[in-house]
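See below for the structure under consideration.
Atoms within each ligand, like the ligands themselves, are counted from 1 in listed order. Keep in mind that this is a model prediction, so the values were computed, not measured. The figures that follow rest on heavy atoms only: side chains count, while hydrogens, waters and symmetry mates do not.
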Amino acid sequence: MDTTKNLEEIFQSKIDHEIKIEPKDWMPDAYRKTLIRQISQHAHSEIVGMLPEGNWITRTPSLRRKVALLAKIQDEAGHGLYLYSAAETLGITRDQLLDELHTGKAKYSSIFNYPALTWADMGSVGWLVDGAAIMNQVMLCRTSYGPYARAMVRICKEESFHHRQGFEILLTLSQGTEAQKKMCQESINRWWKPALMMFGPPDEQSSNTEMSMKWKIKRETNDELRQRFVDVAAEQVKFLNMTLPDVVWNESTGHYDFGALDWDHFWNVVKGNGPCNKQRLDARIKAHENGAWVREAALAFAEKQKIRQQSQVKTA
Ligand code: BYC
């Protein structure tokens with residue numbers, strides 16, 4: 001008979017040999033718990049992330065921009081659904097997950113607690129926020145838990161469109177009037193450091209990285225991904241003729257230095273005290289309450305279909 005120690009060895013050996021862990025496989029409780037934490041935080045980020053952009057749907061400068069923004073926001077709802085479904089395979093219900101979000105127990109990405117003040121912010125969110133998300137999420141396509149890895153493949157494909165959509169908005173502004181150029185640079189300045197904080201705290205303060213790397217949930221550390229993102233963005237910004245605040249080339253390291261990040265500020269935002277935390281949570285709860293009739297109607301329809309199928313089986 002398999003003892004827990006044996007099961008743990010088999011589990012780790014699968015991970016070491018790049019065999020995916022599937023929902024019915026044995027897994028340590030801590031692995032299950034950390035996956036539920038990370039996947040649900042990710043799902044919540046997708047649906048809270050729709051809010052700052054939703055504010056701009058009625059104010060896009062053209063119909064073309066409106067169609068693209070609507071499609072992006074709709075994709076984000078879809079990403080939330082894939083991720084909630086992946087989390088549900090670990091034995092938690094959608095209701096529990098949403099309840100944790102609405103009661104403030106669950107975290108979501110710090111970045112969505114900042115306001116989107118100008119149209120250029122739709123560009124910065126696409127270029128910097130989706131850019132940082134992709135940098136982090138490409139490694140998650142190879143994460144050790146099968147349902148999460150498979151969801152991430154589709155998410156990453158869609159995120160790369162979002163990234164380009166944002167860059168194109170900034171490129172247009174950067175070639176426009178002086179006022180448009182100024183709006184573009186001001187927006188990049190505001191989003192830059194919060195985007196760098198999306199990668200999580202520095203490695204020495206990151207409580208989960210060590211185990212998550214052993215279990216191959218994460219494949220690279222927060223600091224490694226953050227530096228790679230800085231190096232890529234520092235080259236891309238040249239095409240905009242704009243600058244990134246505090247970013248300078250370091251000849252000796254062969255990387256760009258990016259200046260100090262205020263981690264006290266970050267933890268304060270994560271704890272619920274950022275500029276828009278309250279507004280975001282209130283909007284989420286209101287949307288959930290207003291959607292109750294849709295959930296009830298969908299359940300009633302499913303029930304009706306079930307009864308119809310059963311009666312068809314009986315008459316056949
Ligand atoms: N914000 O030990 P650490 C997007 C928490 S949005 C808030 O390094 P881990 C998009 C962390 O949860 C991007 N909290 O953690 C959507 C932990 O707390 P607990 C969303 C943060 O998990 C719409 C504590 O700090 N992407 O895609 O190893 C429009 C210590 O951190 C943050 C994902 O969620 C933060 N920024 O690494 C546009 C990707 N950072 O739970 C774009 C999946 C850390 O121990 N998630 N914390 O109390 C991950 O890859 C990892 O969870 C993280 C953090 C890299 C974020």
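- With hydrogens left out, the protein atom closest to atom 28 (O) of ligand 1 is K218 NZ, 2.6 Å, a heavy atom.
- Within the listing of ligand 1, atoms 27 (O) sit less than 4.0 angstrom from a heavy atom of E159.
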Subject >> Step-by-step salt bridge (Lys or Arg N to Asp or Glu O under 4.0 Å) determination, R226 to D223 >> reply: CA-CA 5 Å; R226 187 171 8 252; D223 285 334; 2.8 Å; yes

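- For a threshold of 3.5 Å applied to N or O pairs, the pair formed by E76 and ligand 1 contains no separation below that value.
- The nearest protein atom to atom 53 (C) of ligand 1, hydrogens excluded, is given as F199 O, 4.7 Å; this is a heavy-atom distance.
- In this structure, H265 and Y114 have tilted ring planes: the angle between them lies in the 30° to 60° band.
- Of the candidates M211, Q41, K72, H162, it is Q41 that places a heavy atom closest to atom 11 (C) of ligand 1.
- Shown in contact with A133 at under 4.0 Å from a heavy atom are these atoms of ligand 1, numbered in order with element: 4 (C), 27 (O).
- Annotation: F161, atom CZ; neighbour count of heavy atoms from other residues, nucleotides and ligands within 6.0 Å does not exceed 12.
- The option with the heavy atom closest to atom 13 (C) of ligand 1, from among Q205, H79, M198, M213, is M198.
- There is a protein heavy atom closer than 4.0 angstrom to atom 42 (C) of ligand 1.
- Side-chain atoms of S144 and K20 form no donor-acceptor pair, as typed in the model, at a separation below 3.5 Å.
- Counting non-hydrogen atoms of other residues, nucleotides and ligands closer than 6.0 Å to CG of D29 gives a total of 12 or fewer.
- Polar contact check, D130 against ligand 1: no nitrogen or oxygen pair lies under 3.5 Å apart.
- Every atom of ligand 1 with a heavy atom of V270 under 4.0 Å away is listed here by number and element: 7 (C), 14 (N).
- Remark: minimum distance from atom 10 (C) of ligand 1 to any protein heavy atom is reached at F112 CZ, 3.6 Å.
- The aromatic rings of F11 and W215 sit perpendicular, their planes meeting at an angle over 60°, well past the 30° parallel limit.
- Judged by distance alone, the side chain of T172 and the main-chain N or O of E168 form a donor-acceptor pair under 3.5 Å.
- The ligand atoms of ligand 1 that sit less than 4.0 angstrom from a heavy atom of S110 are 1 (N), 7 (C), 35 (C), 36 (N).
- Taking the charged nitrogens against the carboxylate oxygens, E18 and R219 do have a contact shorter than 4.0 Å, which makes a salt bridge.
- Within a 6.0 Å radius of CD in Q175, more than 12 heavy atoms belonging to other residues, nucleotides or ligands are found.
- Near N136, with a cut-off below 4.0 Å to any heavy atom, the atoms of ligand 1 are 39 (C), 43 (C), 49 (C), 50 (O), 55 (C).
- Y148 and T89 form no side-chain donor-acceptor contact under 3.5 Å, judged by distance and modelled atom types alone.
- The N/O atoms of N222, backbone and side chain alike, include one that comes under 3.5 Å of an N/O atom in ligand 1.
- Atom 15 (O) of ligand 1 has N208 ND2, 3.3 Å as its closest protein atom, hydrogens excluded (heavy atom only).
- The aromatic rings of Y31 and Y145 sit perpendicular to each other, their planes meeting at more than 60°, with 30° as the lower class boundary.
- An N or O contact shorter than 3.5 Å links S207 to ligand 1 by distance.
- For E9, the CD atom sits in a packed shell: over 12 heavy atoms of surrounding residues, nucleotides or ligands are nearer than 6.0 Å.
- Per-residue contacts place S109 under 4.0 angstrom from the following atoms of ligand 1 (heavy atoms of the residue considered): 1 (N), 36 (N).
- Judged purely by atom type and a 3.5 angstrom limit, D231 uses its side chain to pair as donor or acceptor with the backbone of Y256.
- In this structure, R154 contributes its side chain and R150 its backbone to no donor-acceptor pair below 3.5 Å.
- Residue contacts with ligand 1: E53 is placed with no nitrogen or oxygen under 3.5 Å of a nitrogen or oxygen of the ligand (distance criterion only).
- On a distance-only criterion, S212 and ligand 1 share no N/O pair closer than 3.5 Å.
- Looking only at protein heavy atoms, the nearest one to atom 5 (C) of ligand 1 is K107 CD, 3.9 Å.
- Proximity to Y108 (heavy-atom distance under 4.0 Å) selects the following atoms of ligand 1: 1 (N), 7 (C).
- Close approach of ligand 1 to S45 (heavy-atom distance below 4.0 Å) involves ligand atoms 6 (S), 16 (C), 20 (C).
- Ranking protein heavy atoms by distance to atom 40 (N) of ligand 1, first place goes to G200 CA, 3.2 Å.
- Aromatic ring orientation, Y82 versus H79: tilted (interplanar angle from 30° to 60°).
- From the protein, the heavy atom lying nearest to atom 24 (C) of ligand 1 is W267 CH2, 3.9 Å.
- Distance from atom 27 (O) of ligand 1 to its nearest protein heavy atom, with residue and atom name: Q137 NE2, 3.0 Å.
- Considering backbone and side-chain N/O atoms, S206 comes within less than 3.5 Å of an N/O atom of ligand 1.
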